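A short write-up of the structure that comes next.
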Amino acid sequence: MSTSKIKKNDKVVIIAGKEKGKDGKVLVVDKKNNRVIVEGRNLVSKHKKADKQNQSGGIIKKENYIDASNVMYLHKGKPTRIGFKVEVKETDGKAQRIVHRIAKSTGEQID
């Protein structure tokens, strides 16, 4: 089952670290290393050498990865944990499993 609690374009709040309490949209999810990149958060300075695309070079601010355990899904403006609900559907004699993400605080289906 390849389901992840946090997915791309989810609205999350950071619950630990220097950006604690700030929220943003998830841009990238790295399932292998359990990390996410949140839009406009955890900015780092990268010293970039001049090249064909970037003629001037210089110092560039860029978002860096945050561990997925340090972010929490925002459901209706409030941080909540995420659970899963498996629904089994019978179609043409074959059982098909559909996995839905559930907000633990309200019990509502997310997707």
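Quick caveat, the model's predicted, so the values are computed rather than measured.
- The salt bridge (Lys or Arg N to Asp or Glu O under 4.0 Å) contacts involving residues 72-82 comprise Lys76-Glu108, where partners must be two or more places apart or lie in separate chains.
- Considering only residues two or more places apart in sequence or on other chains, Lys49 meets the side chain to side chain donor-acceptor pair (under 3.5 Å) condition with none of them.
- Lys11 pairs by the salt bridge (charged side-chain N to carboxylate O under 4.0 Å, His left out) definition with Asp23, not counting sequence neighbours.
- Residue pairs meeting the side-chain hydrogen bond (donor to acceptor under 3.5 Å, both in side chains) criterion with at least one partner in residues 58-74, sequence neighbours excluded, are Ser45-Lys61, Asp67-Ser69.
- With sequence neighbours excluded, the residues forming a side chain to side chain contact (heavy atoms under 4.5 Å, CB included) with Lys48 are Asp51, Asn54, Ile60, listed by chain and number.
- No donor-acceptor pair closer than 3.5 Å links the side chain of Ser105 to the backbone N or O of Thr80.
- The cluster map of Ile, Leu, Val, Met, Phe, Trp and Tyr, joined by side-chain heavy atoms under 4.5 Å apart, puts Val12 and Ile110 in the same cluster.
- The same ILVMFWY cluster, assembled from side-chain heavy atoms under 4.5 Å apart, contains both Val36 and Ile14.
- Here Leu43 sits alone; no ILVMFWY side chain lies under 4.5 Å from its own, so it joins no hydrophobic cluster.
- Annotation: the span from Lys25 atom NZ to Ile37 atom CD1 amounts to 13.0 Å, rounded to 0.5 Å.
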- Passes side chain to side chain contact (heavy atoms under 4.5 Å, CB included), Val71 versus Ile15? Steps please. CA-CA 6 Å; Val71 298; Ile15 59 171; 6.0 Å; no
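- The shortest heavy-atom contact between Phe84 and Ile102 is C-CG1, 4.3 Å.
- Transitive grouping of hydrophobic side chains (ILVMFWY, heavy atoms separated by less than 4.5 Å) keeps Met72 and Ile66 in distinct clusters.
- Looking at every heavy atom in both residues, Val88 comes nearest to Ala95 through CG1-CB, 4.1 Å.
- Listed by first and then second residue, the salt bridge (Lys or Arg N to Asp or Glu O under 4.0 Å) pairs involving residues 32-44 are Asp30-Arg35 (not counting sequence neighbours).
- For the pair His75 and Thr106, the minimum side-chain heavy-atom distance is below 4.5 Å.
- In summary, Lys5 and Asp10 do not engage in a salt bridge, as defined by a charged side-chain N under 4.0 Å from a carboxylate O.
- Contact record, Lys7 with Val29: C-CG2, 3.8 Å, taken as the closest heavy-atom pair.
- Contacts classified as side-chain hydrogen bond (donor to acceptor under 3.5 Å, both in side chains) and involving residues 82-93 (residues at least two apart or in different chains) are given here: Glu87-His100.
- Listed by chain and number, the residues in a salt bridge (charged side-chain N to carboxylate O under 4.0 Å, His left out) with Lys22 are Glu19 (sequence neighbours excluded).
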